[in-house]
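Report on the structure given below.
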There are 2 protein chains.
Amino acid sequence: MNFISRDTDYAWRALMFMAKNAGEGVVTVDEIVQEEYLPERFLRRIVQKLAKKGILVSHKGKKGGFSFAKSPGKISLIDIIKVFQGNVDFTNCLLKGKVCPNVKKCALRRKLQSISKTVDKELRGITIMSLLKGS
Amino acid sequence: MNFISRDTDYAWRALMFMAKNAGEGVVTVDEIVQEEYLPERFLRRIVQKLAKKGILVSHKGKKGGFSFAKSPGKISLIDIIKVFQGNVDFTNCLLKGKVCPNVKKCALRRKLQSISKTVDKELRGITIMSLLKGS
DNA sequence: TATTAATGATACTATAATAGTATTATTAAT
DNA sequence: ATTAATAATACTATTATAGTATCATTAATA
Ligand code: FES
Ligand code: FES
């Protein structure tokens with residue numbers, strides 16, 4: 001059972017690489033691929049998605065590439081997880097496809113929601129910048 | 001992105017039902033199905049697995065059914081998640097299928113491992129018994 | 001303006017996980 | 001012997017994961 005998917009992982013590494021090596025500047029996918037040994041076409045799709053979601057800016061044409069749309073200090077792991085894995089849901093109690101009639105008073109659900117909040121907060125605190133400094 | 005799978009959810013409900021309605025006694029799958037509206041054949045496989053994993057005891061033959069192998073106070077959500085979803089892994093950094101050369105010094109990994117520990121602890125604290133009382 | 005070096009969009013594929021169903025065998029009480 | 005339970009195992013359908021492949025578009029620059 002994996003919490004972090006491959007896309008999220010690769011995206012994070014690409015972002016870390018960009019922050020470390022280019023700062024505000026533009027980086028091409030090829031550069032990332034060469035340094036991080038990630039599958040090229042797959043990474044292309046990943047950074048394209050990051051651009052669509054407003055985390056990177058894409059620059060087409062010669063001398064193009066990608067740069068940050070937000071400062072690396074404002075990009076947290078929860079943002080990237082949401083891009084590739086959707087909302088993290090610790091409490092998906094279902095009843096044959098319908099919402100459980102129990103939702104409101106279910107004690108398990110309440111507990112899980114509280115854990116969910118904690119995790120969310122922790123993930124929110126992990127930013128590209130913080131890891132760059134902290135490692 | 002779901003943290004709890006259907007199996008885990010159904011298993012948990014079955015166990016809650018058993019603890020609430022039978023205590024130490026034997027309960028049949030049919031009884032659970034009727035009260036909890038779960039898909040019968042699927043639930044059969046689920047409780048069979050719980051029996052295999054030492055959480056329930058199965059009693060074959062007439063007047064058979066399932067009973068607890070461990071006291072409901074000692075069955076925690078993490079146990080059930082492990083049965084159906086394997087070990088919870090918050091830190092699955094992979095590099096093209098090989099273990100990342102970075103493993104030891106990776107700051108992200110360290111952070112995620114710490115979150116993982118917290119979640120683990122919380123899930124360990126949620127037992128059938130505690131929810132039965134607490135709700 | 002033609003070339004080149006970049007991204008964009010979209011479709012395709014393979015494998016595994018999830019969420020079940022179906023069938024036949026075994027066991028134990030009565 | 002009958003009956004009421006579980007055991008084992010195989011099957012199926014759908015979705016998620018982890019990619020690959022192809023062709024179009026854009027912008028710098030020689
Ligand atoms: S059983 Fe439905 S919300 Fe908990
Ligand atoms: S990048 Fe490999 S363990 Fe973090």
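A note on names: the letters A, B, ... follow the listed sequences, proteins ahead of strands, and every chain is numbered from 1. Every value quoted in this text rests on a predicted model; they were computed, and no experiment measured them.
A/Leu77 pairs with exactly one of A/Thr127, A/Ile126, A/Leu15 by the side-chain contact (heavy atoms from CB on, under 4.5 Å) rule, that one being A/Ile126.
Minimum atom distance to the side chain of A/Gln48 is reached by C/dA9, of the listed D/dT20, C/dA9, C/dA6. Minimum atom distance to the side chain of A/Arg45 is reached by D/dG19, of the listed D/dG19, C/dT7, D/dC11. Of the listed nucleotides (D/dT6, C/dG20, D/dT22), D/dT6 has the atom at the smallest distance from the side chain of B/Thr28.
Per the geometry, CZ belonging to B/Phe42 stands 19 Å off P belonging to D/dC11, to the nearest Å. Between the CZ atom of B/Arg6 and the P atom of C/dT21 there is a distance of 11 Å, given to the nearest Å. Atom CD in A/Glu40 sits roughly 11 Å away from atom C1' in C/dA6 (whole-Å rounding). Put simply, CD on B/Glu31 is 14 Å from C1' on D/dT6, counting in whole angstrom units. C/dT15 atom P lies 19 Å from atom CG of A/Asn2, rounded to whole Å. B/Gln85 has its CD atom 13 Å from the P atom of D/dT17, to the nearest Å. Atom-to-atom, CZ of B/Arg44 to C1' of C/dT21 comes out at 13 Å; the value is rounded to the nearest Å. Between the CZ atom of A/Arg41 and the P atom of C/dT13 there is a distance of 15 Å, given to the nearest Å.
The closest side-chain donor-acceptor pair between B/Thr8 and B/Gln85 falls under 3.5 angstrom. Between the side chains of A/Ser5 and A/Asp7, at least one donor-acceptor pair of N or O atoms lies under 3.5 Å.
Taking 4.5 Å as the limit, some side-chain heavy atom of B/Leu112 sits within range of a side-chain heavy atom of A/Leu123.
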Problem - side-chain contact (heavy atoms from CB on, under 4.5 Å) assessment of B/Ile80 paired with B/Ile55 - result: CA-CA 9 Å; B/Ile80 309 307; B/Ile55 290 167; 3.7 Å; yes

Practice task
Kindly indicate, with the supporting measurements, whether the criterion side-chain contact (heavy atoms from CB on, under 4.5 Å) is fulfilled by A/Lys111 and B/Leu131.
Solution key: CA-CA 9 Å; A/Lys111 287 261 188 189; B/Leu131 282 195; 4.1 Å; yes

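Side-chain N/O atoms of B/Tyr10 include one lying less than 4.0 angstrom from OP1 or OP2 on C/dG20.
Under the Watson-Crick or G-U wobble criterion, with both distances below 3.5 Å, C/dT30 is paired with D/dA1. D/dA30 and C/dT1 make up a base pair, with Watson-Crick or G-U wobble contacts both under 3.5 Å.
When heavy atoms are screened at a 4.0 angstrom cut-off, B/Lys52 is found touching the sugar-phosphate backbone but no base atom. Residue contacts for A/Val47: at a heavy-atom cut-off of 4.0 Å it reaches no nucleic acid atom on any strand shown. Using a 4.0 Å heavy-atom cutoff across all strands shown, B/Asp30 reaches no nucleic acid atom at all.
Scanning residues 56-69 of chain B for heavy-atom distances under 4.0 Å to DNA chain C yields B/Lys60, B/Gly61, B/Lys62, B/Lys63.
Hydrophobic clustering, with ILVMFWY side chains joined whenever heavy atoms are under 4.5 angstrom apart, keeps A/Val26 apart from A/Ile32.
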